[in-house]
Amino acid sequence: MAAEDGLEVIADSLRRVRTGLACFAGGCWLAGAIALGVGIAQQKVTPMLIGLGGAAGGAGLLTTGFLLHYARIQSVPIYRVIRDTPEEIVWFYEGSTRNRVDGVQVSTERWVVVHLRNGKGLQLRSLHPAAVQSVLDMIRQRSPQAVFGYSEAVAQQYLQDPNSLIHL
């Protein structure tokens, strides 16, 4: 059951990313519609309105593309790898970013990075701090062959040959 709990933590994280993308895409589409509406109302479409509407529409289109990637949680690569092929994981570690405004810390984002034997890296972002340990424990359980923790030595070894990290 603990492994399924870990998968649910991952699914929750991916849902948060999906919700954030949906809000941003909606805002972009709305800004584009407002720019178009202002141009129509003024009966004068200026280059600035065209640029603003185009930029907002382009950002909305790009974000919608990312949103479609997260439409089905079970098809997101990091979820699939951890659930279906954990033996492909050779190295994983956690990281964080502290966001500051005028020198005052306003938030901390935690994530887990998973590197695969084919040289690809996947990130799981938007994790609650309490959930990070659950995800790490689940990956340790499912991928006992994988190296845990970040170091420059491991990074260099991975860059030279991802399969050299597997300790069988």
Side-chain angles (χ1 to χ4, degrees), residues 1-33 55-99 105-151 154-168:
M1 186 65 181
E4 293 304 316
D5 291 343
L7 285 172
E8 188 55 36
V9 167
I10 292 170
D12 287 344
S13 171
L14 294 171
R15 283 186 201 101
R16 276 191 296 285
V17 169
R18 183 177 60 191
T19 301
L21 287 170
C23 291
F24 183 75
C28 290
W29 290 116
L30 180 62
L61 186 61
L62 183 64
T63 306
T64 301
F66 286 121
L67 183 58
L68 290 174
H69 174 73
Y70 285 92
R72 235 175 85 76
I73 298 299
Q74 292 80 9
S75 66
V76 175
I78 193 160
Y79 187 91
R80 275 195 345 257
V81 166
I82 293 172
R83 183 191 64 198
D84 300 333
T85 56
E87 65 278 359
E88 293 296 314
I89 299 171
V90 295
W91 177 33
F92 66 104
Y93 54 90
E94 64 179 301
S96 66
T97 300
R98 293 187 180 115
N99 302 307
Q105 184 174 329
V106 293
S107 67
T108 301
E109 182 183 18
R110 306 273 307 268
W111 68 83
V112 173
V113 179
V114 172
H115 291 277
L116 307 177
R117 69 174 65 217
N118 65 7
K120 290 184 180 179
L122 304 171
Q123 286 189 5
L124 181 62
R125 301 184 80 86
S126 296
L127 285 167
H128 284 291
V132 173
Q133 194 59 50
S134 172
V135 171
L136 293 173
D137 290 345
M138 184 195 50
I139 295 172
R140 272 192 203 106
Q141 178 185 1
R142 290 176 171 246
S143 303
Q145 79 288 352
V147 173
F148 170 68
Y150 183 86
S151 75
V154 173
Q156 287 302 317
Q157 186 177 352
Y158 179 78
L159 288 174
Q160 290 173 1
D161 179 16
N163 290 310
S164 68
L165 292 181
I166 300 172
H167 46 275
L168 300 172

Asker: Kindly write out the residues that satisfy side-chain hydrogen bond (donor to acceptor under 3.5 Å, both in side chains) with Gln157, not counting sequence neighbours, or none if the list is empty.
Answerer: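 Partners of Gln157 under the side-chain hydrogen bond (donor to acceptor under 3.5 Å, both in side chains) test: Ser164.
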Asker: Tell me the closest heavy-atom pair linking Trp29 and Leu61, and the distance in Å.
Answerer: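 So the minimum-distance heavy-atom pair works out to CZ2-N, 3.4 Å.
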Asker: For the CG atom of Leu14 and the CZ atom of Arg16, what is their distance to the nearest 0.5 Å?
Answerer: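 The distance works out to 9.0 Å.
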Asker: Could you tell me which non-hydrogen atom of Pro162 sits nearest to which non-hydrogen atom of Leu116, and how far apart they are?
Answerer: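 Closest approach of Pro162 to Leu116: CB-O, 4.0 Å.
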Asker: Apply side-chain hydrogen bond (donor to acceptor under 3.5 Å, both in side chains) to Tyr93 and list each qualifying residue two or more places apart in sequence or on a separate chain.
Answerer: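 Applying side-chain hydrogen bond (donor to acceptor under 3.5 Å, both in side chains) to Tyr93 gives His115.
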Asker: Is a side-chain N or O of Gln123 found less than 3.5 angstrom from the main chain of Ile78, in a donor-acceptor match?
Answerer: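 It does not hold such a pair.
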Asker: Over all heavy atoms of both residues, which pair between Tyr79 and Ala11 is shortest? Give the atoms and the distance, please.
Answerer: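 Here Tyr79 and Ala11 meet closest at CE1-CB, 4.2 Å.
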Asker: Taking only residues two or more places apart in sequence or in another chain, which ones pass salt bridge (charged side-chain N to carboxylate O under 4.0 Å, His left out) with Arg125?
Answerer: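 If we apply the salt bridge (charged side-chain N to carboxylate O under 4.0 Å, His left out) test to Arg125, skipping adjacent residues, the hits are Glu109.
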Asker: So, using side chain to side chain contact (heavy atoms under 4.5 Å, CB included) as the criterion, who are the partners of Ala31 when residues are at least two apart?
Answerer: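 Per chain and number, Ala31 pairs via side chain to side chain contact (heavy atoms under 4.5 Å, CB included) with Ala56.
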Asker: For Trp111, enumerate each residue passing the side-chain hydrogen bond (donor to acceptor under 3.5 Å, both in side chains) test, keeping only those at least two apart in sequence or located in another chain.
Answerer: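 Checked Trp111 against side-chain hydrogen bond (donor to acceptor under 3.5 Å, both in side chains); zero matches.
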Asker: From the options Val113, Ile139, Leu122, select the one residue that forms a side chain to side chain contact (heavy atoms under 4.5 Å, CB included) with Phe92.
Answerer: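 Testing each of Val113, Ile139, Leu122 against Phe92, the sole residue satisfying side chain to side chain contact (heavy atoms under 4.5 Å, CB included) is Ile139.
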Asker: With a 4.5 Å limit on heavy-atom distance, are the side chains of Ile89 and Ile82 in contact?
Answerer: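 Heavy-atom side-chain distance check passes, below 4.5 Å.
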Asker: Check ring pair (Phe, Tyr, Trp, His ring centres under 6.0 Å) between Phe24 and all other residues, then give those that pass, not counting sequence neighbours.
Answerer: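 For Phe24, no residue satisfies ring pair (Phe, Tyr, Trp, His ring centres under 6.0 Å) once neighbours in sequence are set aside.
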Asker: Taking side-chain hydrogen bond (donor to acceptor under 3.5 Å, both in side chains) as the definition, give me every residue that meets it alongside Arg15, ordered by chain and number, with sequence neighbours left out.
Answerer: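 Arg15 satisfies side-chain hydrogen bond (donor to acceptor under 3.5 Å, both in side chains) with Glu8, Asp12 only.
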Asker: Restricting to non-hydrogen atoms, name the atom on Leu21 and the atom on Thr63 that form the minimum distance, rounded to 0.1 Å.
Answerer: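 Heavy-atom minimum between the residues: O-CG2, 3.3 Å.
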Asker: Under the rule for side chain to side chain contact (heavy atoms under 4.5 Å, CB included), what residues qualify as partners of Asp84, not counting sequence neighbours?
Answerer: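 Side chain to side chain contact (heavy atoms under 4.5 Å, CB included) check on Asp84 returns Arg80.
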Asker: Going by salt bridge (charged side-chain N to carboxylate O under 4.0 Å, His left out), name the residues that satisfy it together with Asp137, two or more places apart in sequence or in a different chain.
Answerer: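 Residues passing salt bridge (charged side-chain N to carboxylate O under 4.0 Å, His left out) with Asp137: Arg140.
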Asker: Which residues pass the side chain to side chain contact (heavy atoms under 4.5 Å, CB included) test with Thr85, not counting sequence neighbours?
Answerer: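 Counting only residues at least two positions away or on another chain, Thr85 forms a side chain to side chain contact (heavy atoms under 4.5 Å, CB included) with Val81, Glu87, Glu88.
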Asker: Drop me the distance from Ser143's OG to Met138's CE, to the nearest 0.5 angstrom.
Answerer: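 So the OG of Ser143 and the CE of Met138 are separated by 8.5 Å.
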Asker: Using side chain to side chain contact (heavy atoms under 4.5 Å, CB included) as the criterion, list what pairs up with Val132, not counting sequence neighbours.
Answerer: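 With neighbours one apart ignored, the set is Glu94, Arg110, Val112, Leu127, Leu136.
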Asker: Report the relative orientation of the aromatic rings in Trp91 and Tyr158; use parallel for angles under 30°, tilted for 30 to 60°, perpendicular for over 60°.
Answerer: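 It falls in the tilted class, 30° to 60°.
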